[in-house]
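Below is one structure; the comments refer to it alone.
Chain naming here is simple, since letters A, B, ... match the order of the sequence lines and numbering starts at 1 in each.
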Number of protein chains: 2
Amino acid sequence: MSEAATPAEHLDNSVRDRLLQAAVDLFAEKGYAATSVREIVAAAGVTKPVLYYYFQSKEGIYLEIMTRASNDLQANLEAISDRASSVWERLLKLADTTYNAYSENIKTMKIMHAMMFGPPQGAPFVDFNAVYWAFHQAVEAMVKEGMHNGEMLPGDPKNVTWVLMGTVHLAMEMALCQPEKALDRQGLREVLEVNHRAFWARGLANQRENRNDD
Amino acid sequence: MSEAATPAEHLDNSVRDRLLQAAVDLFAEKGYAATSVREIVAAAGVTKPVLYYYFQSKEGIYLEIMTRASNDLQANLEAISDRASSVWERLLKLADTTYNAYSENIKTMKIMHAMMFGPPQGAPFVDFNAVYWAFHQAVEAMVKEGMHNGEMLPGDPKNVTWVLMGTVHLAMEMALCQPEKALDRQGLREVLEVNHRAFWARGLANQRENRNDD
DNA sequence: GTCTATAAACTGATAGAC
DNA sequence: GTCTATCAGTTTATAGAC
């Protein structure tokens with residue numbers, strides 16, 4: 001546990017990291033409960049006592065994976081805090097960095113997603129809910145700001161936030177769970193542009209031009 | 001298996017249905033892999049051979065639960081097919097019947113959702129994906145119809161469908177997974193109204209009136 | 001650190017009596 | 001139909017040699 005935090009924070013090909021990688025692959029593919037310690041150590045090319053030496057238990061290796069992932073996601077929220085750019089630009093940036101975090105780390109995100117929106121499968125509790133809700137509330141704060149400074153059209157910030165979150169959430173979920181049907185980065189951007197035309201002040205103006213309004 | 005389809009299709013308090021109910025509760029609460037046959041029969045107040053007598057295996061009882069659920073969901077899509085009412089009314093009706101199907105049967109829907117968007121947990125494959133995608137495509141067909149007949153504003157039907165599906169999907173998912181944070185039926189309707197104002201022809205007119213446009 | 005060998009409990013499933 | 005008793009295989013986890 002002492003050498004847990006390698007300088008770059010991620011995988012070299014030490015035995016320890018090969019175990020982590022194998023566990024991520026299997027938990028993502030089959031689920032926590034359906035994955036046995038035997039399978040993890042086989043995939044890592046070691047024997048059982050090695051896993052217990054580094055991680056104490058099956059729960060231990062799971063918790064290390066999820067703690068890292070949770071911290072990574074939390075870091076993304078910082079994209080919102082700098083008020084230099086417009087709400088719209090910050091929203092795009094948040095969607096983009098989140099999309100990156102997901103697509104670069106699909107398997108870990110699949111595990112997290114399964115625990116956030118599925119049954120616990122006997123795994124120890126980790127409060128992902130808090131991370132997700134922080135995300136939702138950060139977006140809501142942005143929407144309030146945008147409506148207040150006139151960048152966005154007036155409306156109920158809560159409801160508009162639900163629509164925006166729904167868009168991003170569905171895109172992320174499809175990318176995780178049905179990649180062949182999912183939006184790519186460009187597709188997500190296009191759908192967000194639809195939201196932009198609907199809820200932003202300049203967006204509505206554009207939309208009306210397009211309609212050649214009366 | 002012969003007496004599977006009771007007249008009303010659902011639970012009396014026969015031993016068989018008590019087993020089904022116990023299995024639904026446990027699969028929803030802990031997940032398929034983390035639930036043992038022993039727990040199911042204990043919750044139903046019977047012994048193991050009884051479960052194997054009625055359902056042949058753990059997979060058997062799971063498959064019966066999921067087959068019923070899948071059929072129920074598929075039936076909801078019929079709300080779309082009658083072209084008597086407007087696209088908007090049909091969309092509202094679909095959202096409402098789906099919300100009902102979910103909230104009346106939360107535990108079964110949780111299992112289905114976990115299998116649709118989470119790891120298989122060693123459970124036998126059921127093609128929920130097809131049901132979900134049929135839903136998505138039915139909405140897309142409605143949006144195309146609405147844009148074509150002038151009920152909705154012009155735009156890319158695919159992208160608008162993603163926004164609408166995102167709204168409904170997030171509402172359903174929160175209702176399943178974080179009920180205390182979720183939208184109630186009225187809340188879902190309000191968020192859909194936001195979509196209405198954004199993407200429907202009369203909706204935009206209303207929005208512009210509200211803004212007291214220049 | 002990594003191994004072989006094994007413990008102790010639990011798993012899905014069944015035989016056979018009633 | 002429902003039970004008791006039990007099977008064979010798997011599970012997480014560990015003791016102890018190297």
Does B:Tyr52 place a side-chain N or O at less than 4.0 Å from the phosphate oxygens OP1/OP2 of C:dT14? no
What is the separation between atom CG on B:Leu19 and atom C1' on D:dG1, rounded to the nearest whole Å? 12 Å
Do B:Glu151 and B:Trp200 have side-chain N/O donor and acceptor atoms under 3.5 Å apart? yes
I need the NZ-C1' distance between B:Lys58 and C:dT14, as an integer number of Å. 17 Å
Taking CG from B:Leu26 and P from C:dG12, how many angstroms apart are they, rounded to a whole number? 12 Å
Taking CZ in A:Arg38 as the centre, count heavy atoms belonging to other residues, nucleotides or ligands within less than 6.0 Å. Is the count above 12? no
B:Arg18 atom CZ is separated from D:dG1 atom C1', nearest whole Å, by 12 Å
Got a sec? Which of residues 29-40 of chain B come in under 4.0 Å of DNA chain C, heavy atoms? B:Thr35, B:Ser36, B:Val37, B:Arg38
Interatomic distance, B:Ile61 CD1 vs C:dG12 P [rounded to whole Å]: 12 Å
Residues two or more places apart in sequence or in another chain: which of them pass side-chain hydrogen bond (donor to acceptor under 3.5 Å, both in side chains) with A:Lys158? A:Glu140
Distance-only donor-acceptor check, side chains B:Tyr132 and B:His113, under 3.5 Å: no
Rounding to a whole Å, what distance do you find between A:Leu51:CG and D:dT11:P? 14 Å
With sequence neighbours excluded, what pairs up with A:Lys30 under the side-chain hydrogen bond (donor to acceptor under 3.5 Å, both in side chains) test? A:Glu39
Please confirm whether B:Lys110 makes a cation-pi placement over A:Phe117, using NZ or CZ under 6.0 Å from the six-membered ring centre and within 45° of the ring normal. no
Among all residues two or more places apart in sequence or in another chain, which pass the side-chain hydrogen bond (donor to acceptor under 3.5 Å, both in side chains) test with B:Asn149? none
side-chain hydrogen bond (donor to acceptor under 3.5 Å, both in side chains) involving B:Tyr99 - partner list, sequence neighbours excluded: none
Mark up nucleotides 2-8 of chain C, 5' to 3', with B wherever a protein heavy atom is under 4.0 angstrom from a base atom, S wherever such an atom reaches only the sugar-phosphate, and - elsewhere. BBB----
